[in-house]
Visitor: 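Got a structure for you, written out below as structure tokens; questions coming shortly.
Counting begins at 1 with the first residue of the sequence.
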Amino acid sequence: MDKLGWWTVCGAFLTSVVFTFGVLRSAVAGRVLIDVPNQRSSHGQPKPRGGGVGVVFGLLVGVAIASWGHDFHRPTLVLLSGALICAALGLWDDVRRLSVAPRLIVQTAVSTWLVFETGPLIRLPLPEPLDVPIGALGFVFPLFWLVGVMNFFNFMDGIDGLATGQAVAGSLLVIASSWSSDAPILAMALAGALLGFLPFNWWPSRIFLGDVGSLPVGFLLAGLPLLSPSPESPRAVLATAIGLSLFLLDPVVTLWRRWRRGAPLGQSHREHLYQQFLGAKDPHGPVALALVGAGLCLSFLGFAVYRWPAAGWAGVLVAALLFSLEYFLVRRRTTR
């Protein structure tokens with residue numbers, strides 16, 4: 001990382017610290033943006049949410065610093081603009097609680113905007129020989145990818161430090177892979193902003209990301225691989241999916257299990273695997289640390305798959321095995 005990169009990370013970090021502290025003090029003093037525990041919550045006491053405001057401002061300052069020595073391309077600016085729209089949507093939801101429909105409409109709109117700027121995926125993002133051309137579905141698949149990752153990331157933001165730590169791991173994957181000229185710089189700004197927020201969010205947390213943070217961060221992590229050149233974007237998506245595999249497979253399995261027994265899919269719950277690791281008064285730190293550590297390992301694996309495509313199936317297999325281990329440990333704990 002060159003000098004500009006370090007300035008980008010440091011500027012994003014310091015800005016995030018300052019703004020997160022400001023949001024925390026304002027929320028406590030004004031009793032606003034307070035997350036009261038419900039049936040989905042893993043915390044027992046009301047705490048401020050909306051810490052994602054600090055992450056967003058840190059990201060913007062980091063990008064501004066980077067722009068002194070780097071010209072960002074139009075698709076990158078669209079990705080950043082879409083993230084800011086998602087942040088505004090998330091802040092509105094944090095304050096007033098939006099229904100599912102307006103959330104999905106805005107998320108689909110910004111995702112469509114980005115896909116038309118970056119272009120379609122020309123192949124299925126799987127290792128050979130399943131990386132087949134997908135034609136017109138190349139416009140549809142990225143929409144489901146963007147909206148899905150955004151919401152799954154929001155679902156997984158449920159215990160102290162987990163989502164923030166996973167997002168740092170995902171950012172490091174992008175920085176190491178460097179699949180476009182813009183992506184690693186944007187990832188540096190994101191990583192710096194997240195690291196500035198993490199001390200406030202690690203167990204025992206003082207503030208949560210909130211939707212204002214989880215939605216734009218999820219959108220950025222899903223959108224960064226689409227900035228890669230068209231022939232390489234399916235491989236970049238696969239690498240990202242491997243890095244985020246625990247964050248993607250947990251919601252898929254949880255939703256499938258609820259659907260099988262007829263439970264409302266939109267209802268709040270505590271049935272995600274990471275939540276079932278915890279008892280009512282168990283500390284979040286060890287579970288978050290284990291899952292973030294696994295996320296770091298998977299991000300390194302995603303980097304290897306991107307650099308050496310022949311390792312694709314090995315990467316998919318290891319990701320599946322790690323998730324299977326998590327599932328087995330949770331089932332063992334909950335059936336005692």
Side-chain angles (χ1 to χ4, degrees), residues 121-134 137-138 141-142 144-146 148-149 151-153 155-156 162-163 165-179 183 187 218 221-226 228 231-257 259-260 271-277 287-335:
L121 287 180
I122 59 176
R123 293 182 175 275
L124 197 64
L126 287 173
E128 294 180 349
L130 297 185
D131 58 337
V132 295
I134 53 178
L137 289 178
F141 183 91
F144 281 97
W145 163 254
L146 289 162
V149 172
N151 284 288
F152 285 179
F153 198 85
F155 296 162
M156 296 293 287
L162 176 59
Q166 174 63 72
V168 172
S171 301
L172 294 177
L173 163 62
V174 180
I175 295 168
S177 300
S178 297
W179 47 56
L221 292 176
L224 282 166
L226 301 181
S228 58
E232 297 180 15
S233 56
R235 187 152 46 99
V237 170
L238 174 62
T240 303
I242 289 173
L244 295 175
S245 53
L246 297 185
F247 261 54
L248 302 181
L249 293 173
D250 185 331
V252 168
V253 170
T254 301
L255 289 172
W256 178 71
R257 291 171 63 191
W259 175 78
R260 279 192 63 189
E271 297 181 23
H272 287 289
L273 298 182
Y274 74 91
Q275 292 172 318
Q276 293 182 56
F277 265 127
V287 172
L289 186 61
L291 292 177
V292 170
L296 282 167
C297 293
L298 288 166
S299 292
F300 177 79
L301 187 62
F303 161 74
V305 167
Y306 180 77
R307 286 298 177 90
W308 298 285
W313 284 116
V316 171
L317 177 61
V318 171
L321 288 174
L322 271 178
F323 177 74
S324 298
L325 176 62
E326 179 187 5
Y327 185 84
F328 169 76
L329 291 174
V330 169
R331 294 289 291 174
R332 183 180 178 185
R333 186 185 193 282
T334 56
T335 53

Visitor: Looking at CZ of Arg331 and CD of Gln276, how far apart are the two atoms once the value is rounded to the nearest 0.5 Å?
Guide: 8.0 Å
Visitor: Is the distance between the ring centroids of Phe152 and Phe247 less than 6.0 Å?
Guide: no
Visitor: With the side chain counted from C-beta on, respond yes when Leu137 and Leu121 share a heavy-atom pair under 4.5 Å apart, and no when they do not.
Guide: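 Side chain of Leu137 against side chain of Leu121, heavy atoms only: no contact under 4.5 Å found.
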Visitor: Under 3.5 Å, is there a donor-acceptor pair between the side chain of Asp131 and the main chain of Leu124?
Guide: no
Visitor: Any side-chain hydrogen bond (donor to acceptor under 3.5 Å, both in side chains) pairs touching residues 304-317, not counting sequence neighbours?
Guide: Glu232-Tyr306
Visitor: Would you say that more than 12 heavy atoms from the other residues, nucleotides or ligands in this model lie under 6.0 Å from the CD of Glu128, or not?
Guide: no
Visitor: Are the side chains of Arg257 and Glu271 in touch, meaning some heavy atoms are under 4.5 Å apart?
Guide: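 No, their side chains stay 4.5 Å or more apart.
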Visitor: Rounded to the nearest 0.5 Å, what separates atom CG in Leu173 from atom CG in Leu244?
Guide: 8.0 Å
Visitor: Fit a plane to each ring of Phe300 and Phe303, take the angle between them on a 0 to 90° scale, and name the class: parallel (under 30°), tilted (30 to 60°) or perpendicular (over 60°).
Guide: tilted
Visitor: Quick one: does Leu238's side chain get under 4.5 Å of Val316's, heavy atoms only?
Guide: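 Touching, per the 4.5 Å side-chain cut-off.
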Visitor: Measure from the side-chain N and O atoms of Gln275 to the backbone N and O of His272, and report whether any donor-acceptor pair falls under 3.5 Å.
Guide: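 It does hold such a pair.
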Visitor: Can you give me every donor-acceptor pair (side chain of residues 291-298, partner residue at least two apart or in another chain, under 3.5 Å) with its distance?
Guide:
none

Visitor: Could you pull out all residues at least two apart from Asn151 that satisfy side-chain hydrogen bond (donor to acceptor under 3.5 Å, both in side chains)?
Guide: Gln107
Visitor: Does any part of the side chain of Thr254, heavy atoms only, come nearer than 4.5 Å to the side chain of Tyr274, both counted from C-beta?
Guide: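 The answer is no, as the side chains (C-beta and beyond) never meet within the 4.5 Å cut-off.
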Visitor: Applying the side-chain contact (heavy atoms from CB on, under 4.5 Å) test to Pro251, which of Phe155, Trp256, Phe153 qualifies?
Guide: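 Exactly one pass, corresponding to Phe155.
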